[in-house]
Amino acid sequence: MEIPVIDVSGYFTGSEPEKQHIARELHAACCAPGFFQITGHTVPAELQQRLLSVLPSFFALPQEKKAALHRSNSKCLRGYEQVGAQKLEKPFADQKEGFMIGHELPEDSGYLRGPNQWPDEADVPSFQATFTEYFAAVHDLSISLFRMIALSLDLRENYFDDFVSSGQWKERLINVFKAIAMCRAHRYPPATPAKAERSRGIGAHTDFGALTLLLQDNLGGLEVFHRPTENWISVKPIKDAYVVNIGDMLERWTNQKYSSTMHRVISPVSQKDRYSVAFFNEGLASQVIECIPSCLKEGEKPLFPPTTAEEHLRSRYGVSY
Ligand SMILES: O=C(O)CCC(=O)C(=O)O
Ligand SMILES: [Fe+2]
């Protein structure tokens with residue numbers, strides 16, 4: 001099995017039939033394997049590269065400077081997490097280190113919403129500006145992607161707009177305070193072949209939120225579990241593309257029509273660090289996640305009781321650290 005690659009440029013510039021064609025391709029990919037790559041999107045390649053090129057200098061900071069930005073200082077999980085902080089596949093401790101940001105909001109703006117922590121500009125020049133610019137661009141892309149996902153489910157195109165805090169700029173300014181979106185940069189230190197057997201860059205897991213958009217460098221290492229054959233399939237790095245995957249929330253919302261698929265990263269056996277940046281769309285905290293009517297065929301029943309995005313996230317984030 002291969003991870004499908006979908007050129008979405010037709011959604012932005014194409015005719016109605018082209019949009020529908022993309023929606024059908026997305027539908028198939030979201031059902032299985034629940035992972036795909038997109039090309040022809042709206043985030044400038046230059047911005048992606050600029051972000052990837054500023055990450056090494058952040059992670060190369062002395063440990064005490066990174067520790068000063070630790071996520072435990074933050075009520076909303078923003079900041080630095082060291083190697084081993086997360087254990088997604090026990091007994092392996094994840095070998096990645098990470099740095100999480102979100103919308104820049106006042107303290108106590110609600111669950112997983114609040115201020116970011118940043119290193120001094122003098123220590124990592126351009127880091128804050130570049131990451132902030134990137135976050136806005138990938139957030140915009142995720143809004144478009146949710147519109148495509150709505151079409152793929154035969155829903156009205158703006159079905160998920162409130163969930164992803166979209167709308168006209170004025171509504172957006174208000175909504176931005178309500179919806180949760182986070183972006184985490186990762187560094188995966190290299191492993192020896194023996195160590196790669198015994199450790200994980202990131203242990204096998206499914207993503208908690210609705211949709212993840214991942215930017216990766218060219219080293220590779222991300223693997224997706226193919227349930228029918230019980231094989232791990234490598235996601236080939238494609239320059240400028242995003243790896244997109246369905247998270248648990250969207251799986252629940254679609255009554256498991258769309259699949260939240262297990263994945264992991266095997267640390268690179270190389271001389272180089274691997275870098276990636278994951279954008280998580282967790283959405284409107286108060287959103288009721290309840291079987292979407294178009295996902296229920298005649299005779300089928302909802303598999304899960306209704307919940308809210310916040311309840312769902314609290315139960316998932318609680319057990320991974
Ligand atoms: O770095 C990667 O390739 C994957 C990261 C990931 O799965 C995650 O952050 O949830
Ligand atoms: Fe993940």
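Whatever order the structure lists ligands and atoms in, that order sets their numbers, starting from 1.
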* To do: Nearest heavy atom to atom 4 (C) of ligand 1 wins, so pick from V243, L215, V265, L219.
  => V265
* Asked: Between Y275 and F59, what is the ring plane arrangement, given parallel below 30°, perpendicular above 60°, and tilted in between?
  -> tilted
* Asked: Which of the numbered atoms in ligand 1 are below 4.0 angstrom from a heavy atom of L214?
  -> 1 (O), 2 (C), 3 (O), 4 (C)
* Asked: Given that the side chain starts at C-beta and the backbone is N, CA, C, O, which of these parts of T212 lies under 4.0 Å from ligand 1, counting heavy atoms, or is it both or neither?
  -> neither
* To do: Considering non-hydrogen atoms only, spot the tightest contact between V83 and E97 and give its length.
  => N-CB, 4.0 Å
* With atoms numbered from 1 as shown, which atoms in ligand 1 lie under 4.0 angstrom from a non-hydrogen atom of S276? -> 1 (O), 2 (C)
* **Atoms of ligand 1, numbered as shown, that sit under 4.0 Å from any heavy atom of I202** => 6 (C), 8 (C), 9 (O)
* **L213 versus S142, closest heavy-atom pair with distance** => CD1-CB, 4.0 Å
* To do: Please confirm whether H312 and F208 have ring centers closer than 6.0 angstrom.
  => no
* To do: For H205 and ligand 1, answer yes if some heavy atom of the residue is under 4.0 Å from a ligand atom, otherwise no.
  => yes
* To do: Would you confirm whether the ring centroid of F131 sits within less than 6.0 angstrom of the ring centroid of F58?
  => no
* Could you check if a side-chain atom of Y159 sits within less than 4.5 angstrom of a side-chain atom of I149, using non-hydrogen atoms only? => no
* Structure fact -> closest protein heavy atom to atom 3 (O) of ligand 1 is R274 NH2, 2.9 Å
* Atom indices of ligand 1, in the order listed, that fall short of 4.0 Å to a heavy atom of H186 -> 1 (O), 5 (C), 9 (O)
* Asked: Linking I/L/V/M/F/W/Y whenever their side-chain heavy atoms sit closer than 4.5 Å, directly or via other members, would I246 and F280 fall into one cluster?
  -> no
* Thinking salt bridges, do K272 and D217 make one under a 4.0 Å N-O criterion? -> no
* Leaving waters out, which protein N, O or S atoms fall under 2.8 Å from the Fe ion (ligand 2)? -> H205 NE2, D207 OD1, H263 NE2
* To do: Determine whether the side chain, the backbone, both or neither of H263 has a heavy atom under 4.0 Å from any heavy atom of ligand 1.
  => side chain
* To do: Examine ligand 1 and decide if any of its atoms is less than 4.0 Å from a heavy atom belonging to Q216.
  => no
* **Plane angle bin for F127 and W118 - parallel if under 30°, tilted between 30 and 60°, otherwise perpendicular** => perpendicular
* **salt_bridge(D94, R200) N-O dist < 4.0 Å** => no
* With atoms numbered from 1 as shown, which atoms in ligand 1 lie under 4.0 angstrom from a non-hydrogen atom of F280? -> 8 (C), 9 (O), 10 (O)
* Asked: At what distance is the nearest protein heavy atom to atom 5 (C) of ligand 1, and which residue and atom is it?
  -> Y188 OH, 3.6 Å
* **Pairwise side-chain contact, P190 with Q271, heavy-atom cut-off 4.5 Å (strictly under)** => no
* Is the centre of the F304 ring less than 6.0 Å from the centre of the W253 ring? -> no
